[in-house]
Amino acid sequence: MNVTIIGTGYVGLVSAAVLAEIGHDVVCIDVNEEKIQRLRNGECPIFEKGLPELLEKNKHRMRFLSDYQQGCQDAAIIMIAVGTPEKKDGSANLSYVFGAAKEVCYNLDHDAILIVKSTVPIGTNDEVERIVQENLTKEIHVEVVSNPEFLSQGTAVSDMMQGYRIVAGCESDYAREKIKALYEPLKQPLVLTDRRSAEMIKYASNDFLALKISYINEIANLCECLGANVEDVATGMGFDPRIGDKFLRAGIGYGGSCFPKDTKALHWMAIQNDYEIKTVKAAITVNENQKFRLLQKAKNYYDSFEGIEIAVLGLAFKPGTDDLREAPSLAIIPALLEDGAKIRAWDPCAEDAFRGQVDNSAKGEIRFCGSLRESLREADLCLILTEWDQVKALTPADFKEMRRPIIIDGRNCFCLEDMENEAIVYASIGRKTVGSLSQNLNIYMMERKDGES
Ligand SMILES: NC(=O)C1=CN([C@@H]2O[C@H](COP(=O)(O)OP(=O)(O)OC[C@H]3O[C@@H](n4cnc5c(N)ncnc54)[C@H](O)[C@@H]3O)[C@@H](O)[C@H]2O)C=CC1
Ligand SMILES: O=C(O)[C@H]1O[C@H](OP(=O)(O)OP(=O)(O)OC[C@H]2O[C@@H](n3ccc(=O)[nH]c3=O)[C@H](O)[C@@H]2O)[C@H](O)[C@@H](O)[C@@H]1O
């Protein structure tokens, strides 16, 4: 089939490559000309495992354009995969979706299915249909289908190739048959519903996962108070298939372009309908506070961070991506800089994206380090924000390169057994703090605290 995809972000570009891989001819449209040029040059503009290879393999079935008229020619299916970022009030910004739908109307001269793949509030597809009816310039039949996406960044290609399900909200048999034909080669369970239910499945799924994370984070915080170990607790819970062992990793909370915005958007939708969705609201509140657990723990060692050299390992919101959207680093690092800390940041691929985000007027300073070793050497404190494999491969000996080996791990990267009985302090989330500093360092720390008080 001829498929045109609008938006070449994480969802649009991965969908395009996967649909080409299963035999469709795909045209990608983006308003970002630079991105389109890079794609035409054979470059992959985002960091996503397996994507460059898939684009290269299927380049004979893919075209990249910025012109809608050319891009819509011959398309049997048009898929909108543009962003739906959060607005200040928590609602979703739908201007990109509506803008793309209008462009399609102005440029389409034949019947087609218009798929909305972006995550959109319940009722948006109905609104898109209204826009289509109002703006079509030819006597043609365009049917709107809600087809949300469930991939995760970092594993996007395999998530799409081997997804748990495909959800499509269609309002006619004609649309249902087209969707079946489009996805048939993927051999995945197909959940066919009406459009509003499909839209709701997306929010309900994301928000449930967010809730699960906030729940385990609260259990972790309680474990710390009561002397239990959250990793063991999660393992014990996860064996029960009614609970499941996924999304029970305690840490400094969820980030990324979706859970934060999709929890707030559902909460907003509820309020608009005079309903308060208390569970989701609680997940949001817990997550906001969880980011700062590391700083609270660090205060056990330093009353102020003025002049303190802090190794920050990981900037991206999760490993496997260079995406910084809603990453805890964006909340934690500015707070440290404000307090006068000297940050030595390390991330294997999010450094460039982070550079533009630092507030130059803050008291402290930030240096980006090319290696973990450079970041750790002579540091007074280490904060782990992202569980990159390179970080998980560090050993106690690596941390001993620090001036004061105090490690506060927001992603529970290490077994407690490997870190205890070492001349380092290792604090993590929902587990006891292990290790101790050498006697000299202990005396130093005490003198420092006395000097400050
Ligand atoms: N990032 C993710 O892991 C997932 C995202 N989603 C949803 O998918 C949607 C897209 O998300 P991402 O791919 O992360 O967004 P993104 O921000 O990475 O990419 C969006 C792309 O759309 C382009 N664009 C904007 N307006 C346009 C227009 N009128 N015409 C053509 N191109 C236009 C932008 O230039 C950009 O390249 C969002 O609704 C998101 O919630 C759903 C599942 C997973
Ligand atoms: O709608 C979306 O955009 C996507 O949102 C998430 O995908 P993503 O945000 O890419 O990544 P996740 O792996 O879900 O991680 C999100 C955040 O939760 C955190 N997390 C995840 C799992 C866990 O057990 N604990 C935890 O703190 C991660 O560190 C990360 O900050 C969902 O997993 C996807 O199914 C969904 O399609």
Side-chain angles (χ1 to χ4, degrees), residues 4-16 28-36 38-39 45-46 48 65-68 71 79-86 92-104 116-121 124 147-156 159-160 163-165 167 199 202-203 205-210 212-217 220 230 234 238 244-263 265 287 290-291 314 316-321 323-329 385-387 410-412 429:
T4 292
I5 298 185
I6 302 171
T8 57
Y10 292 89
V11 169
L13 194 55
V14 173
S15 303
C28 297
I29 302 180
D30 204 293
V31 284
N32 183 334
E33 305 250 359
E34 189 207 327
K35 234 182 190 180
I36 289 296
R38 288 178 69 189
L39 284 159
I46 52 175
E48 192 58 57
L65 303 170
S66 42
D67 177 55
Y68 270 84
M79 188 182 275
I80 297 180
V82 298
T84 48
E86 181 185 327
N93 177 351
L94 298 173
S95 60
Y96 304 104
V97 172
F98 294 152
K102 281 184 191 159
E103 283 298 329
V104 170
V116 177
K117 190 158 260 301
S118 305
T119 302
V120 292
T124 303
N147 172 215
E149 178 50 53
F150 297 93
L151 62 78
S152 302
Q153 286 173 226
T155 50
D159 285 349
M160 234 197 140
Y164 297 122
R165 78 308 209 178
V167 171
E199 293 167 327
K202 178 62 195 173
Y203 281 100
S205 303
N206 268 12
D207 290 15
F208 185 76
L209 294 172
K212 211 172 165 187
I213 297 169
S214 279
Y215 179 73
I216 199 67
N217 281 337
V230 75
D245 61 354
K246 307 281 189 300
F247 280 71
L248 285 180
R249 283 194 331 270
I252 42 171
Y254 55 80
S257 65
C258 292
F259 289 166
K261 83 170 168 60
D262 293 346
T263 42
N287 200 58
Q290 197 67 13
K291 286 183 217 176
F317 82 93
K318 64 182 266 192
T321 182
D323 198 346
L324 281 171
R325 288 178 284 186
E326 297 286 335
S329 62
L385 306 191
T386 320
E387 65 278 32
R411 297 295 180 187
N412 290 2
I429 304 289

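For ligands, and for the atoms within them, numbers begin at 1 and follow the listed sequence. Computation of the quantities below employed the complete heavy-atom set of this structure, encompassing side-chain atoms and omitting hydrogens, waters and symmetry-equivalent molecules.
Within 6.0 Å of CZ in Phe98 there are more than 12 heavy atoms belonging to other residues, nucleotides or ligands. For CZ of Phe150, the number of neighbouring non-hydrogen atoms (other residues, nucleotides, ligands) closer than 6.0 Å is greater than 12.
The single protein non-hydrogen atom nearest to atom 5 (C) of ligand 1 is Val11 CG2, 3.2 Å, given as residue, atom name and distance. In this structure, the protein non-hydrogen atom closest to atom 10 (C) of ligand 1 is Val82 O, 3.4 Å. Looking at atom 14 (O) of ligand 1, its nearest protein heavy atom turns out to be Arg325 NH2, 3.1 Å. Looking only at protein heavy atoms, the nearest one to atom 1 (N) of ligand 1 is Gln153 OE1, 2.8 Å. Looking at atom 7 (C) of ligand 1, its nearest protein heavy atom turns out to be Thr119 OG1, 3.4 Å. Looking only at protein heavy atoms, the nearest one to atom 20 (C) of ligand 1 is Gly83 N, 3.7 Å. Annotation: atom 22 (O) of ligand 1 to nearest protein heavy atom, Gly7 CA, 3.4 Å. Counting only heavy atoms of the protein, atom 32 (N) of ligand 1 lies nearest to Val31 N, 3.4 Å.
Distance check: Ser257 OG to Asp323 CG gives 5.5 Å after rounding to the nearest 0.5 Å. Atom CG in Leu39 sits 9.5 Å away from atom CG in Asn32 (nearest 0.5 Å). The CD1 atom of Ile252 sits 7.0 Å away from the OG1 atom of Thr386 when rounded to the nearest 0.5 Å. From Thr4, atom OG1 reaches atom CD1 of Ile80 across 11.5 Å, with rounding to the nearest 0.5 Å. In this structure, CD1 on Ile429 lies 8.5 Å from CZ on Arg411, to the nearest 0.5 angstrom. Taken to the nearest 0.5 Å, the CG atom of Asn93 stands 10.5 Å off from the NZ atom of Lys261.
Nearest heavy atoms, Gly71 versus Ile29: CA-CD1, 3.8 Å.
The ring pair (Phe, Tyr, Trp, His ring centres under 6.0 Å) test applied to Tyr254 returns Phe259, not counting sequence neighbours. Among residues two or more places apart in sequence or in another chain, the side chain to side chain contact (heavy atoms under 4.5 Å, CB included) test is passed with Thr155 by Ser152, Ser158, Asp159. In this structure, the salt bridge (Lys or Arg N to Asp or Glu O under 4.0 Å) partners of Lys117, at least two apart in sequence or on a different chain, are Glu149.
Ligand 1 has Lys202 within reach: a non-hydrogen atom of the residue lies less than 4.0 Å from it. Remark: distances from the non-hydrogen atoms of Glu103 to ligand 1 are all 4.0 Å or more.
Between Tyr10 and ligand 1, at least one N/O pair is under 3.5 Å apart. At least one N/O-N/O distance between Lys261 and ligand 1 falls below 3.5 Å. The distance criterion of under 3.5 Å between nitrogen or oxygen atoms is not met by Gly12 with respect to ligand 1.
Geometrically, Arg325 does not engage Phe317 in a cation-pi contact, judged by NZ or CZ lying under 6.0 Å from the ring centre and within 45° of the ring axis.
Residue Leu151 approaches ligand 1 through these ligand atoms, each under 4.0 Å from one of its heavy atoms: 3 (O), 44 (C). Ligand 1 places these atoms under 4.0 Å from at least one heavy atom of Glu149: 42 (C), 43 (C). Close contacts between ligand 1 and Lys35 involve ligand atoms 36 (C), 37 (O) [criterion: under 4.0 Å to a heavy atom]. Using a 4.0 Å cut-off to heavy atoms of Ser257, the atoms of ligand 1 that qualify are 1 (N). Taking a cut-off of under 4.0 Å to the non-hydrogen atoms of Thr84, the atoms of ligand 1 that pass are 38 (C), 39 (O), 41 (O).
Contact annotation: for Ala81 versus ligand 1, heavy atoms closer than 4.0 Å belong to the backbone alone.
Within 4.0 Å of ligand 2, contacts by protein heavy atoms are made from Glu149, Phe150, Leu151, Ser152, Gln153, Lys202, Asn206, Ile213, Phe247, Leu248, Arg249, Gly253, Tyr254, Gly255, Cys258, Phe259, Phe317, Lys318, Arg411.
Comparing heavy-atom distances from atom 30 (N) of ligand 1 across Tyr68, Tyr96, Phe98 singles out Tyr68 as nearest. Considering each of Asn32, Asp30, Ile6, the one bringing a non-hydrogen atom nearest atom 35 (O) of ligand 1 is Asp30.
Taking 4.0 Å as the cut-off between side-chain N and carboxylate O, Arg249 and Glu387 count as a salt-bridged pair.
Formation of a donor-acceptor pair under 3.5 Å by the Glu199 side chain with backbone atoms of Thr124 is found in this model. The backbone N or O of Asn287 lies less than 3.5 Å from no partner atom in the side chain of Asn217, so there is not a single donor-acceptor pair.
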